[in-house]
Amino acid sequence: MSQDGTGRRRRVSRAKLRERRLQAAAVVDVATSYDVVVVGGGASGLVAAICAGEKGANVLLLESSPECGRPILATGNGRCNFSNVGLAPKYYNDPAFVQAVFGDDPLGDILAFFRQCNMRWCLEEERLYPLSRRATSVRNVLLRRAASAGVTIACARSVVGASRTDGGFAITYREEFAGGAERAVQARSLVISTGGTQRTHDFDVAGSLGLESNPAQPVLCPVGCEPNPILELDGRRLHVRAQLTHTAFPVWSERGEVLLRNYGLSGIVVFNMSRQVVPGDLVELDLLPDLTKSELQQMVDPFAHGSFEEGCLDGVLDPDIASVLEGLARSRWTLEDAGRDKPASDSESLMALAKSYPLRATGTTGHEQAQVLRGGLRTNQFSTKTLECTSVPGLFATGEALDVDGECGGFNLSWAWKSGMVAGAAAVTR
Ligand SMILES: Cc1cc2nc3c(=O)[nH]c(=O)nc-3n(C[C@H](O)[C@H](O)[C@H](O)COP(=O)(O)OP(=O)(O)OC[C@H]3O[C@@H](n4cnc5c(N)ncnc54)[C@H](O)[C@@H]3O)c2cc1C
């Protein structure tokens, strides 16, 4: 957007916008020494920089993209599900670590932070969105607050290395505009806020600073499945109870909407499933979670004749899905190696498919489709009070750079905000 002569905002092409942002980034004056350098201007980096700046530190924020806060814009389908009223450590992969960092009232801390940014919010079920229901609101309030906290925001500068010095750190960055020069800056404290391990550009954080990290694994993403007749209805949405079984033990179950894709399953419920899935797991969908088995029997085969009438489930199930189930039931189809006996009759087969439709998972889909990357810096190297690295004083990490991930529903951004607050405030005292 830019303003015309009347003060109205008007649209500009993407390429022009990028060019303008690069020009604006190029004129930002970057000094050679700061109290705190934050690497990564996403969700947690912006909050860390604000908290350090508001405590009086001289802060530099280095971001490789031409603008800060870009990852926030894609969240919640452009609406930013920024937190959750049910925020609790149990929704994360490392609950003990998260609990210790969160403290007594993480939601209260997050809401107080955004209230102070002049942002207000609304609820959808347990999920919190900005009142505008626009992710740009969240990004913009953070940028404004960072500017008033005196943070030097230097975009289009990719950090390519960092090493320890007597007084702190020497950080090398590459300018992503004309010339592509490499420059160095000194800092007493260094905050790593680079997001999921695979998303950092040319900067091996762990390698540079001698830390240990866990390999990246995409989570909160669709789950691939072996070819299966129901997947031919690509794009169809179903309200189900999904269950995941690993070597005959049920490991996870959740109710909600599932999206059928020709390669597997997607949707919020499946994103949560992706945090647990292992290739070869059995996925079972209860396609009629609101019906008991006896209610279903009444609809399909009330007198237990063993057969059913065409269209008997059309009143309760998407008729196209019902028709696929009927075809499969008539051939007594079951998933190979699912450990199930062949159904004794057509009607038993139809009821079994409707209450427990089986698919075989092949694993999570690629990095591009993942909302979050599990993996990153091992949490046992960091203090839970400050998020400072115990073996490298002055080094802090936030957000997805650490090996912390949570369920869908605002939990990952909540971690980003709260970890940014903790590390940003502590980085000043170094
Ligand atoms: C499509 C999508 C939708 C999502 N929706 C939600 C949602 O609704 N609710 C929710 O809670 N979570 C959501 N998430 C997850 C959430 O966005 C992330 O967990 C969160 O943004 C992580 O914050 P972060 O600060 O760790 O990393 P990021 O926000 O990813 O920021 C990292 C920043 O570091 C920069 N960077 C990386 N390397 C360098 C370098 N070497 N030098 C300089 N800069 C560097 C990157 O360019 C980036 O700007 C979603 C994610 C995706 C992909």
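All residue numbers in this chain count up from 1 along the given sequence. Every number for a ligand or one of its atoms is a count from 1 in the order of the listing.
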Contact atoms of ligand 1, heavy-atom distance to [X] under 4.0 Å:
X	value
S65	47 (O)
G410	9 (N), 10 (C), 11 (O)
S158	42 (N)
G399	26 (O)

Looking at ligand 1, does any of its N/O atoms fall within less than 3.5 Å of an N/O of [X]?
X	result
S44	yes
E400	yes
T398	no
T75	no
G76	yes
V39	no
V159	yes
L413	yes

Checklist outcome for this item: Among E407, R70, Q371, closest by heavy atom to atom 53 (C) of ligand 1 is Q371

Checklist entry - So which of G376, G40, S193 gets nearest to atom 32 (C) of ligand 1, if we judge by its closest heavy atom? => result S193

Using a heavy-atom cut-off of under 4.0 Å, does the side chain or the backbone of [X] touch ligand 1, or both, or neither?
X	result
R157	backbone
F411	backbone
L62	backbone
A416	side chain

Check this for me: [X], atom [atom1], are more than 12 non-hydrogen atoms of other residues, nucleotides or ligands nearer than 6.0 Å?
X	atom1	value
K55	NZ	no
R79	CZ	yes
N77	CG	no
R144	CZ	no

Taking [X] for its side chain and [Y] for its backbone only, find out whether a donor-acceptor pair lies under 3.5 Å.
X	Y	value
W417	F82	yes
T384	V101	no
N81	L128	yes

Checklist entry - Do R275's NZ or CZ and the ring of Y91 fall within the cation-pi criteria of under 6.0 Å and 45°? => result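 Negative - R275 is either too far from the ring of Y91 or too far off its axis.
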
Checklist entry - Name the one of V422, T398, L142 that satisfies side chain to side chain contact (heavy atoms under 4.5 Å, CB included) with V47? => result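 Only one option passes, and that is L142.
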
Checklist entry - When you check the side-chain N and O atoms of N214 and R378, is any donor under 3.5 Å from an acceptor? => result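 N214 vs R378: donor-acceptor pair found between side chains.
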
Item to check | Parallel, tilted or perpendicular, as decided by the 30° and 60° cut-offs, for the rings of F102 and Y92 | outcome: perpendicular

Checklist entry - Taking all non-hydrogen atoms of both residues, which atom of D281 and which atom of H246 are closest, and how far apart? => result OD1-ND1, 2.6 Å

Checklist entry - Heavy-atom contact under 4.0 Å between E63 and ligand 1? => result yes

